[in-house]
Undergrad: 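The following block contains the structure, expressed as structure tokens.
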Amino acid sequence: MTEENTLPSNFIREAVAEDLASGRFDYIATRFPPEPNGYLHIGHARALIITFSTAAENNGFCNLRFDDTNPVKEEVEYVDAIKEDIKWLGFKWKNEFYASDYFDELYAFAIQLIKEGKAYVDEQTPDEVRENRGTLKEPGSNSPFRDRPAEESLALFERMKNGEFPDGSIVLRAKIDMASGNISMRDPIMYRILHEPPHHRTGNKWCIYPMYDFAHGQSDSIEGITHSLCSLEYENHRPLYNWFINELEIFPTRQIEFARLNLTYTVMSKRRLVRLVKEGFVKGWDDPRMPTLSGYRRRGYTPEAIRSFVEATGVAKKNSTADVGLLEHHIRQDLNIRADRRMAVLDPLKVVITNYPEDKVEMLEAVNNPEDDSAGTREIPFSREFYIERSDFHEDPPKRYFRLALGREVRLRYGYFVTATDIVRDAAGEIVEIHCTYDPETKGGYAPDGRKVRGTIHWVEANSAVPAEVRVYDRLFSVPNPMNSEDGKTFIDYINADSLATNTRVQMEPSLKHARPGDRFQFERMGYFIVDSDSTDETLVFNRIVTLRDNWARIEKERAREKMEENRRRKQEEKRRQKEMAKRK
RNA sequence: AGGGGCAUGGUGCAACGGUUAGCACACCGGCCUUUGAAGCCGUUGAUCUUGGUUCGAAUCCAGGUGCCCCUGCCA
């Protein structure tokens with residue numbers, strides 16, 4: 001239990017501890033209640049983690065309960081996907097329940113309230129119901145059917161259940177207060193009629209379905225859930241849930257609300273995610289650019305990284321948007337420790353060592369994971385010809401560029417020191433090959449004379465290289481808050497056109513030949529990658545999970561920014577001068 | 001005649017009436033380096049506002065301001 005002291009404090013942990021201390025509850029039970037009408041995203045992950053951890057930290061239990069009170073929206077296919085995602089994140093529920101398991105009990109609760117004069121059947125049209133609900137600033141008015149005798153409502157409700165009325169004709173309502181400042185207390189609808197479609201679990205047994213507000217609280221109560229943790233928008237509904245609990249005299253679940261998790265450069269609402277899929281901006285719910293759990297899974301994120309990220313963002317009642325950079329930090333952190341290193345060249349440029357024997361091939365030893373000795377070493381072939389990244393050679397090296405250039409010596413990782421001597425061009429003047437010489441004394445990358453080289457670059461031997469496809473993913477949106485759109489634009493207008501770049505020119509070291517879908521590697525100096533399920537026996541396909549932190553890229557970016565700024569200034573100056581000249585004339 | 005919530009560095013959280021308001025990420029600088037990675041060290045930077053209570057307020061109270069949620073027979 002010393003572990004408990006090290007857990008970061010938050011208002012939910014405090015509330016739960018208090019309830020235990022005060023004796024309000026003598027055990028802890030929570031529930032995760034998704035509606036089976038879409039895929040889980042990383043926003044759900046926070047709810048999932050808070051809910052399951054609250055139970056686990058208190059030796060309690062957590063149920064999985066699908067909120068399936070609306071057959072027109074819900075589908076079975078989502079049930080399995082949701083379960084898979086929860087398992088992937090590493091959580092185990094005690095029971096798998098459905099709100100529809102309680103339809104009989106809910107029906108009995110309704111009858112009880114009608115009999116006690118606390119609910120009534122309303123025959124107003126949907127329009128009338130809406131009009132009489134009032135507005136945010138004005139009270140509603142009572143339905144003409146509000147004070148009908150209980151027997152009448154009872155009979156009507158029975159006939160509702162028996163299918164004697166068409167959809168939308170009548171509803172069952174709680175009799176609370178049409179003048180309440182809280183609109184969810186203005187005689188909320190408890191049951192509505194829905195003849196079609198059949199429910200995914202109860203089929204055609206029912207044609208009346210409880211509203212979420214009449215189902216959720218009682219479902220919690222039936223299961224003995226002590227703490228019903230949910231998002232902020234249900235705060236307004238809490239008085240209603242408590243009203244039902246009091247009137248029905250059932251187990252008093254305590255509801256606690258917290259803020260949802262938002263992410264920069266991301267949209268999170270189900271509606272917008274659907275649009276991205278349906279309109280083909282991404283390839284599906286599990287597209288590696290999607291913030292869905294299945295998307296992150298395919299992208300190569302680990303459940304551990306997602307969990308530690310969510311823990312790091314904490315939980316509060318303040319609406320906030322976490323930096324997607326923090327998520328990236330957590331996946332790097334995790335993969336740094338667990339991913340084996342390999343060498344792969346994404347944008348190959350051939351290099352020939354002119355003083356290396358023609359037919360010689362030697363094996364060099366490379367460390368698999370400098371963070372983990374138990375990962376061991378491997379051998380990689382080296383010969384006269386190999387590939388390096390095009391960006392690792394520069395004709396006109398800028399300041400502080402440590403890589404290869406004519407006359408410059410660099411270290412080939414785990415290989416030799418080489419010095420570039422010549423550039424070979426094609427007819428168009430494009431660089432196609434670099435010639436260099438090597439120092440045979442520097443095998444393994446060490447200079448016996450102790451001389452230093454600043455640059456170490458990765459490489460892949462040409463004859464044994466394994467070609468592959470790499471899908472280079474970037475953020476799906478180009479602005480931090482795509483929802484904050486201006487002048488008639490929508491989030492769609494902020495989609496990053498370069499969020500996916502497919503690269504089929506990749507050359508990898510031969511040890512990668514036997515990589516299997518799901519295997520993750522760090523390609524040294526390039527980032528973390530995972531073998532995608534699209535891989536075939538002929539072609540390996542990798543997804544880029546995340547780049548490495550890259551100080552050099554930052555320097556270059558800063559330089560580019562400065563250049564642009566300078567150009568802008570120069571242009572303005574030019575304009576100003578022209579104006580002046582015109583004036584003078 | 002409206003009701004409910006929230007406000008702490010750039011971002012996200014902590015501090016529960018009592019040191020110089022702490023942590024993580026980001027940023028900036030340095031060290032180290034056979035990954036411009038990782039690691040290590042350091043710097044900058046915050047209590048929305050106005051009053052009140054108190055010996056003492058980020059914390060309690062009141063007003064103001066700003067943002068979020070609520071007028072589905074959705075969840």
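In what follows, chains carry the letters A, B, and so on, assigned in the order in which the sequence lines appear, proteins first and then strands, with residues in each chain numbered from 1.
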Undergrad: Take atom CE of A:Met483 and atom P of B:rC69, then tell me their distance rounded to the nearest Å.
TA: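 In whole Å, B:rC69 P lies 11 Å from A:Met483 CE.
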
Undergrad: I want to verify a distance call: between B:rA1, B:rA37, B:rC73, whose nearest atom is closest to the A:Arg133 side chain?
TA: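 Closest nucleotide among those given: B:rC73.
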
Undergrad: According to the interplanar angle, ranging from 0 to 90°, do the rings of A:Phe214 and A:Phe244 count as parallel (below 30°), tilted (30 to 60°) or perpendicular (above 60°)?
TA: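 Rings of A:Phe214 and A:Phe244: perpendicular, as their planes differ by over 60°.
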
Undergrad: Extract from the structure each pairing of a protein N or O with an N or O of nucleotides 8-12 of chain B at less than 3.5 Å, listing the distance.
TA:
{"residue": "B:rU8", "atom": "OP2", "partner": "A:Lys318", "partner atom": "NZ", "Å": "2.4"}
{"residue": "B:rU11", "atom": "O3'", "partner": "A:Thr321", "partner atom": "O", "Å": "3.4"}
{"residue": "B:rU11", "atom": "O2'", "partner": "A:Thr321", "partner atom": "O", "Å": "3.2"}
{"residue": "B:rG12", "atom": "OP1", "partner": "A:Thr321", "partner atom": "N", "Å": "3.3"}
{"residue": "B:rG12", "atom": "O3'", "partner": "A:Ser320", "partner atom": "OG", "Å": "3.0"}
{"residue": "B:rG12", "atom": "O2'", "partner": "A:Thr313", "partner atom": "O", "Å": "2.6"}

Undergrad: If you check the A:Asn236 side chain, which of B:rA26, B:rC69, B:rC27 turns out closest?
TA: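 Side chain of A:Asn236 sits closest to B:rC69.
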
Undergrad: Kindly point out which of B:rA37, B:rA75, B:rC70 is positioned nearest to the side chain of A:Arg549?
TA: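 Out of B:rA37, B:rA75, B:rC70, the nucleotide with an atom closest to A:Arg549's side chain is B:rA37.
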
Undergrad: One thing to verify: whether A:Arg260 and A:Glu233 come together as a salt bridge, which I'm taking to mean a side-chain N less than 4.0 angstrom from a carboxylate O.
TA: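 Judged by the 4.0 Å cut-off on N to carboxylate O distance, A:Glu233 and A:Arg260 do form a salt bridge.
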
Undergrad: Whole-Å distance between B:rA37 P and A:Asn369 CG?
TA: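 Whole-Å distance recorded here is 17 Å.
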
Undergrad: Starting from the 5' end of RNA chain B, give me the residue, A:Asp122 or A:Gln522, whose nearest nucleotide shows up first.
TA: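 This one resolves to A:Gln522.
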
Undergrad: Using a strict threshold of under 4.0 Å (side-chain N to carboxylate O), is an ion pair present between A:Arg338 and A:Glu304?
TA: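 Salt bridge between A:Glu304 and A:Arg338, a charged N being under 4.0 Å from a carboxylate O: yes.
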
Undergrad: What nucleic acid atoms does A:His458 come within less than 4.0 Å of, heavy atoms only: base, sugar-phosphate, or nothing?
TA: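 No contact at all - A:His458 keeps every heavy atom at 4.0 Å or more from the nucleic acid.
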
Undergrad: Tell me: CG of A:Leu412 to C1' of B:rU35, nearest whole Å?
TA: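 It is 13 Å, rounded to the nearest whole Å.
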
Undergrad: Pick base, sugar-phosphate or nothing for A:Ala259, based on heavy-atom distances below 4.0 Å to the nucleic acid.
TA: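 No contact.
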
Undergrad: So A:Trp459 and A:Phe382, would you call those rings parallel, tilted or perpendicular, with 30° and 60° as cut-offs?
TA: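 Because their plane-to-plane angle is over 60°, the rings of A:Trp459 and A:Phe382 count as perpendicular.
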
Undergrad: Starting from P on B:rC27, measure out to CG on A:Asp550 and report it in whole angstrom.
TA: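 Atom-to-atom, A:Asp550 to B:rC27, this comes out as 12 Å.
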
Undergrad: Atom CZ of A:Arg238 and atom C1' of B:rG4: how far apart are they, to the nearest Å?
TA: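 My rounded result for the distance is 9 Å.
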
Undergrad: Give one of base, sugar-phosphate or nothing for A:Met211, where a contact means two heavy atoms less than 4.0 Å apart.
TA: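 Sugar-phosphate contact only - A:Met211 comes under 4.0 Å of backbone atoms but never of a base.
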
Undergrad: Just the rounded figure in Å: distance from P of B:rG3 to CD of A:Glu138.
TA: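 Checked: the CD to P distance equals 14 Å.
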
Undergrad: Between B:rA75, B:rG5, B:rU35, which nucleotide has the shortest distance from any of its atoms to the side chain of A:Pro370?
TA: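 Closest nucleotide among those given: B:rU35.
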
Undergrad: Does A:Arg341 get its side chain close enough to the base of B:rU35, under 3.5 Å, for a donor-acceptor pair?
TA: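 Flag set: donor-acceptor pair detected.
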
Undergrad: In terms of ring plane angle, is the pair A:Tyr241 and A:His216 parallel, tilted or perpendicular, where the classes change at 30° and 60°?
TA: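 If you compare the ring of A:Tyr241 with that of A:His216, the planes turn out tilted.
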
Undergrad: Establish whether the base of B:rG72 is bridged to the side chain of A:Arg130 by a donor-acceptor pair shorter than 3.5 Å.
TA: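 Donor-acceptor pair under 3.5 Å: no.
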
Undergrad: Give A:Lys73 one of three labels, base, sugar-phosphate or nothing, depending on what nucleic acid heavy atoms sit under 4.0 Å from its own.
TA: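 Base contact.
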
Undergrad: Measuring from A:Asn551:CG to A:Glu556:CD, what's the distance to the nearest 0.5 Å?
TA: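 Answer for the CG-CD pair, A:Asn551 versus A:Glu556, is 12.0 Å.
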
Undergrad: Please report the distance separating the C1' of B:rC28 from the corresponding atom of B:rU20, rounded so that it comes out in whole Å.
TA: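 To the nearest whole Å, 23 Å.
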
Undergrad: For a quick test of reading the model: is some side-chain N or O of A:Thr69 closer than 4.0 Å to OP1 or OP2 of B:rC74?
TA: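 No, because none of the side-chain N or O atoms of A:Thr69 sits under 4.0 Å from OP1 or OP2 of B:rC74.
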
Undergrad: Select base, sugar-phosphate, or nothing to describe what A:Gln124 touches, counting heavy atoms under 4.0 Å on all strands.
TA: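 Answer is base: heavy atoms of A:Gln124 come under 4.0 Å of a base.
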
Undergrad: Using heavy-atom distances to pick each residue's nearest nucleotide on RNA chain B, tell me which of A:Arg413 and A:Arg192 is more 5'.
TA: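 The residue whose closest nucleotide sits nearer the 5' end is A:Arg413.
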
Undergrad: Base, sugar-phosphate, or nothing: which does A:Tyr191 touch, judged by heavy atoms less than 4.0 Å apart?
TA: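 It contacts nothing in the nucleic acid.
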
Undergrad: Students often get this wrong, so: under 4.0 angstrom with heavy atoms, is A:Val315 touching a base, only sugar-phosphate, or nothing?
TA: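 It contacts sugar-phosphate atoms only.
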
Undergrad: Heavy atoms under 4.0 Å, any strand shown: does A:Tyr528 hit a base, just sugar-phosphate, or nothing?
TA: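 The residue A:Tyr528 makes no contact with any strand.
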
Undergrad: Would you check, one step at a time, whether the test side chain to side chain contact (heavy atoms under 4.5 Å, CB included) holds for A:Lys161 with A:Cys207?
TA: CA-CA 6 Å; A:Lys161 186 195 75 168; A:Cys207 67; 5.9 Å; no

Undergrad: In whole angstrom, what separates A:Glu233's CD from B:rU71's P?
TA: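 Answer to the nearest Å: 11 Å.
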
Undergrad: For the pair made of NZ in A:Lys137 and C1' in B:rC70, what is the distance, rounded to whole Å?
TA: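 Value for this atom pair: 13 Å.
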
Undergrad: Go through B:rA75, B:rU35, B:rC73 for me and flag the one nearest to the A:Glu524 side chain.
TA: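 Of all the options, the side chain of A:Glu524 is nearest to B:rU35.
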
Undergrad: Once you round to the nearest 0.5 Å, how far does CD of A:Glu328 lie from CD of A:Gln333?
TA: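 Rounded to the nearest 0.5 Å, the CD-CD separation comes to 13.5 Å.
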
Undergrad: Nearest to the side chain of A:Asn551, heavy atoms from C-beta on, is which of B:rA37, B:rA14, B:rC73?
TA: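 Looking only at heavy atoms from C-beta outward on A:Asn551, the closest nucleotide is B:rA37.
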
Undergrad: Answer yes or no: side-chain N or O of A:Asn182 and base N or O of B:rG4 forming a donor-acceptor pair under 3.5 Å.
TA: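 Answer is no: no donor-acceptor pair is held.
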
Undergrad: Nearest of B:rU35, B:rG36, B:rC6 to any side-chain atom of A:Trp552?
TA: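 Closest of the options to the side chain of A:Trp552: B:rG36.
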
Undergrad: What is the ring orientation for A:Tyr234 with A:Tyr212, classed by angle as parallel under 30°, tilted 30 to 60°, or perpendicular over 60°?
TA: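 It falls in the tilted class, 30° to 60°.
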
Undergrad: If you measure from CG on A:Asp220 to CD1 on A:Ile225, what distance do you get to the nearest 0.5 Å?
TA: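 If I round to the nearest 0.5 Å, the distance is 6.0 Å.
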
Undergrad: Using a cut-off of 4.0 Å on non-hydrogen atoms, how would the nucleic acid contact of A:Tyr234 be classed: base, sugar-phosphate, or nothing?
TA: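 Base, at least one base heavy atom under 4.0 Å.
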
Undergrad: Closest approach to the side chain of A:Asn336, judged atom by atom: which nucleotide of B:rG36, B:rA1, B:rA38 is it?
TA: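 Nearest listed nucleotide: B:rA38.
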
Undergrad: Using the side-chain heavy atoms of A:Arg454, tell me which of these nucleotides is nearest: B:rU33, B:rC28, B:rG4.
TA: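 Given the options B:rU33, B:rC28, B:rG4, the side chain of A:Arg454 is closest to B:rU33.
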
Undergrad: Among the candidates B:rG36, B:rA75, B:rU71, find the nucleotide nearest to the side-chain atoms of A:Ile183.
TA: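 The answer is B:rU71, which lies nearest to the side chain.
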
